[in-house]
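The block underneath contains the structure these notes are about, expressed in structure tokens.
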2 protein chains.
Amino acid sequence: MDTRQRLLDATRELLWQRGYAATSPNAIMKAARAGQGSLYHHFAGKEDLAAEALRGSAEQLREEAAAILDGEGSPAERIERYLTRERDSLRGCRIGRMTADADVLTSDRLRQPVSETLAWLVDRLAGLIADAQAAGELRADLDPRATASCVASTVQGGYVLARAAGSTEPFDQAITGAVQLLRGAMVG
Amino acid sequence: MDTRQRLLDATRELLWQRGYAATSPNAIMKAARAGQGSLYHHFAGKEDLAAEALRGSAEQLREEAAAILDGEGSPAERIERYLTRERDSLRGCRIGRMTADADVLTSDRLRQPVSETLAWLVDRLAGLIADAQAAGELRADLDPRATASCVASTVQGGYVLARAAGSTEPFDQAITGAVQLLRGAMVG
DNA sequence: GTCTATAGCAGGATAGAC
DNA sequence: GTCTATCCTGCTATAGAC
């Protein structure tokens, strides 16, 4: 793997672990086993490197989610599978995490992959919920977009509870709660 | 107001806005209009000051939540009122926010108010849900703790979506979604 | 492409005067 | 209690050699 790619991979990992502000070029260089010269040869600076790394993380998140959301099964089954999919909940969401970083929110280049990815996710979930309603699986009185936002928020907020507790349990509970509520809204 | 209190207030505000790592003693001093001598006279250092400030924020959050959760109305009404209470969703949660700060998670003194407060919140919500079930308001097949975790996660995750979008709308949608799902689980 | 040297600046804290 | 001076470290980046 070439140096440029190692720098990107290391950056993605550190952004996930520590966020943008707390990730120093120095730490990236060490993790990537690359020198200062390499970093500033391949990238204009920290923000440039982080922006490209973040685009990669966003794309990966979309691919992993799409594999479930566009996968096998009925719409309602896919929503439930999205919720219950295995997650390393103590690590949190590599994209949602960036939301706590003021520097990310004030930089268009850094913010864009974050906002676009989460908007895409809610859109896709809302479409699936509408499909489930059209298929007669889910009660028609739910607002698809509101339900989708609640589903996505449960995941994002579950990470918060888990990390606060230092335990995966609150995350699992939150998912269970969402699944139970959704099942209660199933037709039949 | 004395200098010590001004330092605490400024710290609480900055911790909310920027988190722990990104909040410098210098910024606190400026916001509190206090000198370096004052800060290090009243507090052992940044962590000490932040720990006390965080305890204050945690207490305030508990008080505000308890005012609703222990307030007027039936259990189910109070849960719904907790969800729909007005919030500055773009600011996020002053406690949940700390969860993204690695330094907070690795310091017992900083982590404790965060973990305890969110644990208290979920506990209290779970009790209220059990009460609603006992009162025949809510279907008995919901697990109280799971439902409570989902409710708390919806709020915490709603902040994430709102901040990513730079708009309060995703938060409001998530809350609406949770309310609709809960209403669907009402008896009768 | 990668290296080392160097720079300017801010973070977090201590010391000692007042 | 508060002030100023000072310290060391690490961040982010540039310069120029190889």
Side-chain angles (χ1 to χ4, degrees), chain A residues 1-56 97-98 100-111, chain B residues 1-56 97-98 100-111:
Chain A
M1 196 167 36
D2 66 353
T3 303
R4 184 187 154 86
Q5 192 56 48
R6 284 208 318 279
L7 283 165
L8 283 169
D9 289 348
T11 304
R12 285 176 51 173
E13 187 61 26
L14 286 168
L15 285 179
W16 194 354
Q17 276 179 30
R18 306 180 185 269
Y20 178 73
T23 294
S24 69
N26 227 309
I28 295 171
M29 285 154 44
K30 240 170 242 168
R33 297 183 318 282
Q36 203 139 3
S38 301
L39 196 161
Y40 287 97
H41 170 73
H42 291 293
F43 302 96
K46 175 181 169 175
E47 185 184 358
D48 185 42
L49 170 53
E52 184 157 343
L54 221 42
R55 279 199 300 276
R97 195 220 181 290
M98 296 301 137
D101 222 305
D103 293 349
V104 171
L105 263 34
T106 52
S107 156
D108 286 342
R109 299 184 59 201
L110 296 175
R111 179 187 200 138
Chain B
M1 194 167 36
D2 67 352
T3 304
R4 185 186 153 85
Q5 193 55 49
R6 285 209 315 281
L7 283 164
L8 284 170
D9 290 348
T11 305
R12 285 176 51 173
E13 187 61 27
L14 286 168
L15 285 179
W16 195 355
Q17 276 179 30
R18 306 181 186 268
Y20 178 73
T23 293
S24 69
N26 226 309
I28 295 170
M29 286 154 43
K30 240 170 241 165
R33 297 182 318 282
Q36 202 140 6
S38 302
L39 195 161
Y40 287 96
H41 170 73
H42 291 292
F43 302 95
K46 175 181 170 177
E47 185 184 358
D48 185 42
L49 170 53
E52 185 158 342
L54 221 40
R55 279 199 299 276
R97 191 214 185 297
M98 297 301 139
D101 223 305
D103 293 348
V104 172
L105 263 33
T106 52
S107 156
D108 286 342
R109 301 184 57 201
L110 297 175
R111 180 189 198 136

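Chain letters run A, B, ... following the sequence lines, proteins first, then strands; residues in each count from 1. Since the structure is predicted, the reported quantities are computational estimates derived from the model, not experimental observations.
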ask   = Roughly, in whole Å, what's the span from CG in A:Asn26 to P in D:dT14?
value = 16 Å
ask   = Is the backbone N or O of B:Gly19 less than 3.5 Å from a side-chain atom of B:Asp101, with the two atoms forming a donor-acceptor pair by type?
value = no
request  = Determine which pairs satisfy salt bridge (charged side-chain N to carboxylate O under 4.0 Å, His left out) with at least one residue from residues 25-51 of chain A, sequence neighbours left out, and list them in order.
outcome  = A:Asp48-A:Arg109
note = Per the under-4.0 Å heavy-atom filter, residues of residues 14-25 of chain B near DNA chain D come out as none
task = Can you tell me the distance, in whole Å, between the CZ atom of B:Phe43 and the C1' atom of C:dG12?
result = 16 Å
request  = Assess whether side chain to side chain contact (heavy atoms under 4.5 Å, CB included) is satisfied between B:Met98 and B:Leu110, documenting all intermediate values.
outcome  = CA-CA 9 Å; B:Met98 297 301 139; B:Leu110 297 175; over 6 Å; no
key: Residue-level proximity of residues 1-9 of chain B to DNA chain C when a heavy atom falls under 4.0 Å   = none
ask   = In this structure, are over 12 heavy atoms from other groups packed under 6.0 Å from B:Asp2 atom CG?
value = yes
query = Would you say B:Leu8 and B:Gln5 make side-chain contact, with heavy atoms under 4.5 Å?
reply = yes
query = Take atom CZ in A:Arg18; do more than 12 heavy atoms of anything else shown fall under 6.0 Å from it?
reply = no
ask   = If you look at every heavy atom in A:Ala34 and A:Leu7, which pair is closest and at what distance?
value = CB-CD2, 3.9 Å
query = For DNA chain C, what residues of residues 27-41 of chain B have any heavy atom nearer than 4.0 Å?
reply = B:Gln36, B:Tyr40
query = Within the side chain of B:Ser107, is there an N or O that forms a donor-acceptor pair under 3.5 Å with the backbone of B:Asp103?
reply = no
remark   = Interatomic distance, CZ@A:Arg12 vs CD@A:Glu52, rounded to 0.5 Å, equals 10.5 Å
Which atom pairs, donor and acceptor, lie under 3.5 Å between side-chain atoms of residues 36-43 of chain A and protein residues at least two apart or in another chain?
none

note = Scanning both residues in full, the closest heavy-atom pair of A:Leu15 with A:Ala50 reads CD1-O, 4.0 Å
B:Lys46 NZ - C:dT14 C1' separation (whole Å) = 17 Å
key: Nearest heavy atoms of A:Thr11 and A:Ile28, plus distance in Å   = OG1-CG2, 3.4 Å
task = Estimate the overall bend of the helix from C:dG1-D:dC18 to C:dC18-D:dG1 from the end axes over five pairs each, rounded to 10 degrees.
result = 0°
